2 protein chains.
Amino acid sequence: MQTRKSRASFTGRVTMADVAKEVGVSAITVSRAFRAPGKVSPELHSRIVEVSRRLGYVPSRAASALASARSMTILALIPSLTNNVFVDVLVGIKEVLDAADYQMLIAITGYDQPDAEERMLRAHLGYVPDGILLTGVDQSEAVRTMIDGQGLPTVHMMDHSDREDLWWVGYSNAEAGRAVARYLLGRGRRRIGIIASQLDPRSLRRCEGCREVLAEAGLYDPGLDLRVPDHSSIPLGAELVERLLNQAPDCDAVFVCNDDLAQGAVFQCSQRGVAVPDRLAVVGFHDLNASAWASTPLTTVRTPRYQIGREATRLLLARIEGTPTSARRIDLGFSLVRRASG
Amino acid sequence: MQTRKSRASFTGRVTMADVAKEVGVSAITVSRAFRAPGKVSPELHSRIVEVSRRLGYVPSRAASALASARSMTILALIPSLTNNVFVDVLVGIKEVLDAADYQMLIAITGYDQPDAEERMLRAHLGYVPDGILLTGVDQSEAVRTMIDGQGLPTVHMMDHSDREDLWWVGYSNAEAGRAVARYLLGRGRRRIGIIASQLDPRSLRRCEGCREVLAEAGLYDPGLDLRVPDHSSIPLGAELVERLLNQAPDCDAVFVCNDDLAQGAVFQCSQRGVAVPDRLAVVGFHDLNASAWASTPLTTVRTPRYQIGREATRLLLARIEGTPTSARRIDLGFSLVRRASG
DNA sequence: CTGTTAGCGCGTTCAA
DNA sequence: TTGAACGCGCTAACAG
């Protein structure tokens, strides 16, 4: 029908059929030349490659995904890019994916709306990813249902879970919070505060871990526990430490649940003439790149973000391709890095 | 044929046809219910929505893109995420895209291989994006051909070009480099160095702008001009300023082409006991968030990255949808932010 | 090593 | 307001 033809010519894109006609073979041969070069005679192969280049042919992933039910794409759901925590994870993911010839789809969910993860997932599931990388282990029921319904292989990152059904690569945020509290107690601090923002489940678990140990020591004081929902940032850290110091002048240490907050806190202390760590010890979290290079280098907890990205992706690809894996949960741990601030 | 049926059931995904059967209508009605709710009776619409939710139906973008030649997806090509420059751009892009119900595909090209942009573009073009956002204006011939061949609307970001055929939103890197040189000269500096890394075209243009003005003043000294191909980072900045000071102890100012380098430079100066700005003035570039909060707050050039993301996306969407635009090139300028370091 | 046939899930066109 | 037929560009399954 004429009307149909006009639609085809409307897109204007060069298709496999165009290449095939030009070379004088059938489309399937062109298809094979790209997917399984070994199954096509060398000279045909090179002619096909040459003609494809000349014509500017770009294979349509949409069509390929439809026909093969494989997209060679994995989807990564990330809360945010504005502090570098997840950028490092993405770098790790991308390295492994590049090597395996997979594409990476990034969906940024944000911390704000509770249903954002569900909406972003739904929107991106349409690209028919072969697998999903999720941040954290606290997905909503709706998200779980959607993933299970599609039967999509999934690996969780950046936290720790006891659930038997989850595949994850991360570390225990709760344990990290406990470690910080013990460290500070071990250094003789007794009036230990907690500063957190954003209040995602992972930050909260760090706080809880810290609170737990302090409470056991009989040293937990809710008046020193500051948690605000705002996004974490350097200026916010400055503001919060100011507030803490005003409402509890005898506070002698603080666990700040994110390094950018902690950087701001240390900055504010120096503005205000509060000696760090003598008068106030500050311990951050994540060991962002800049933290070692602050005026007062930050004592902080280093998290293996890059490795988490790599290992989680390896695990996911193995799962997708049916390769046996030695473990389905990988705890990569954390380490307390002692520098000047605490 | 039986073999085909088995393939269909193999994917396991819920399709439009499944929803249609369950509701008791034809597939096209389900399609319309989502794309043009007004064209379906209200009660049918709500039943379709309900059944879709219950069945866990997720529309396939792949199929949709194939059938309609529209993907509601735009592709953003970004060199890197590891310093926050492009993260801010992405935030701007995403805001506008979210409001217009488009999806964002991010491709990270890296600075290293010269053909990476071409490869990433080719790989991602397969998703049939409706438009492309490119970083910079210096694409290779291959990239230009590929885009032109597909007839894809494109907007360039983060630089300035005199070419009539380019749509762009950015600022002049060359002019920014000149402005820094003039500023430093105006403050009485005479032995002005240049430090740059990464050496992407935009950094180089900043350097060139600076060099140009210094040369006009008869004050350009190649011995003060340090350009290395490594990725920019805080430690690298520390290293480079050290080198500069060693080979030219009388250097009294330096334009550092990236804020993270500049932060490292200032840090190193304080380690080494070099007074900033009295002995050495330091001017950075981009005004990253942390730059205002360093021990010596950075004098730097603020670039409107978030706005560039927004405006470039607006322009691109207008172009895609055929809305007339007032301009196809938008210079958003830059501003020199004077703080303590210079 | 190469070709034929059919259909992936959806949207366009035309008809009712 | 709803439906039938067709094809978007590609690949699986067979055959040759």
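So you know, we letter chains A, B, ... as the sequences are listed, proteins then strands, and number each from 1. As a basis for the values below, the full set of heavy atoms in this structure was taken, side chains included, without hydrogen atoms, waters or symmetry mates. This one's a predicted model, so the numbers in the text were calculated from it and none came from an experiment.
- One atom, CE of A:M16, and another, P of C:dG3, lie 13 Å apart when rounded to the nearest Å.
- You'll find that the side chain of B:I28 is closest to D:dG3, out of D:dG3, C:dT4, C:dC10.
- Here D:dG9 presents its P atom at 19 Å from OH of B:Y127, a figure rounded to the nearest Å.
- Side-chain N/O atoms of A:R35 include one lying less than 4.0 angstrom from OP1 or OP2 on D:dT11.
- Between the CG atom of A:D18 and the P atom of D:dC8 there is a distance of 11 Å, given to the nearest Å.
- Between A:V155 and A:L134 there is no side-chain heavy-atom pair separated by less than 4.5 Å.
- Scanning for side-chain contact (heavy atoms from CB on, under 4.5 Å) contacts around A:S80 gives A:T82, A:Y111, with sequence neighbours left out.
- In this structure, CZ of A:R32 is placed 10 Å from P of D:dA12, rounded to the nearest angstrom.
- Within the 4.0 angstrom heavy-atom criterion, only backbone atoms of the sugar-phosphate kind lie near A:G38; the bases stay farther away.
- Rounded to a whole Å, the CG atom of A:L66 is 17 Å from the P atom of D:dG7.
- Remark: A:S26 is not in phosphate contact with C:dT2, judged by side-chain N or O atoms under 4.0 Å from OP1 or OP2.
- At the phosphate of C:dC10, neither OP1 nor OP2 sits under 4.0 Å from any side-chain N or O atom of B:S31.
- Distances shown here put every side-chain N or O of B:S68 at or beyond 4.0 Å from the OP1 or OP2 atom of C:dC10.
- Heavy-atom distances under 4.0 Å link DNA chain C to A:V40, A:S41, A:L44 of residues 40-59 of chain A, given in residue order.
- Taking the ring axis of B:W168 as reference, the NZ or CZ atom of B:R328 does not stay both within 45° of it and closer than 6.0 Å to the ring centre.
- The shortest distance between the side-chain N/O atoms of A:T29 and the OP1/OP2 oxygens of C:dC1 is not below 4.0 Å.
- A:E95 and A:Y306 share a donor-acceptor pair across their side chains, judged by distance under 3.5 Å alone.
- Nucleotide D:dG9 holds its P atom 8 Å from the CZ atom of A:R13, rounded to whole Å.
- Classified by interplanar angle (parallel below 30°, tilted 30° to 60°, perpendicular above 60°), the ring pair A:Y57/A:F34 is tilted.
- A side-chain donor-acceptor contact under 3.5 Å links B:S31 and B:R35.
- A:T73 and B:Y127 form a side-chain donor-acceptor contact under 3.5 Å, judged by distance and modelled atom types alone.
- Atoms CZ (B:R70) and P (D:dG7) sit 23 Å apart, rounded to a whole Å.
- If you measure from atom CZ of A:F34 to atom P of D:dC10, you get 10 Å, rounded to the nearest angstrom.
- With D:dC8, D:dA12, C:dC8 as the candidates, the nucleotide lying closest to the side chain of A:A67 is C:dC8.
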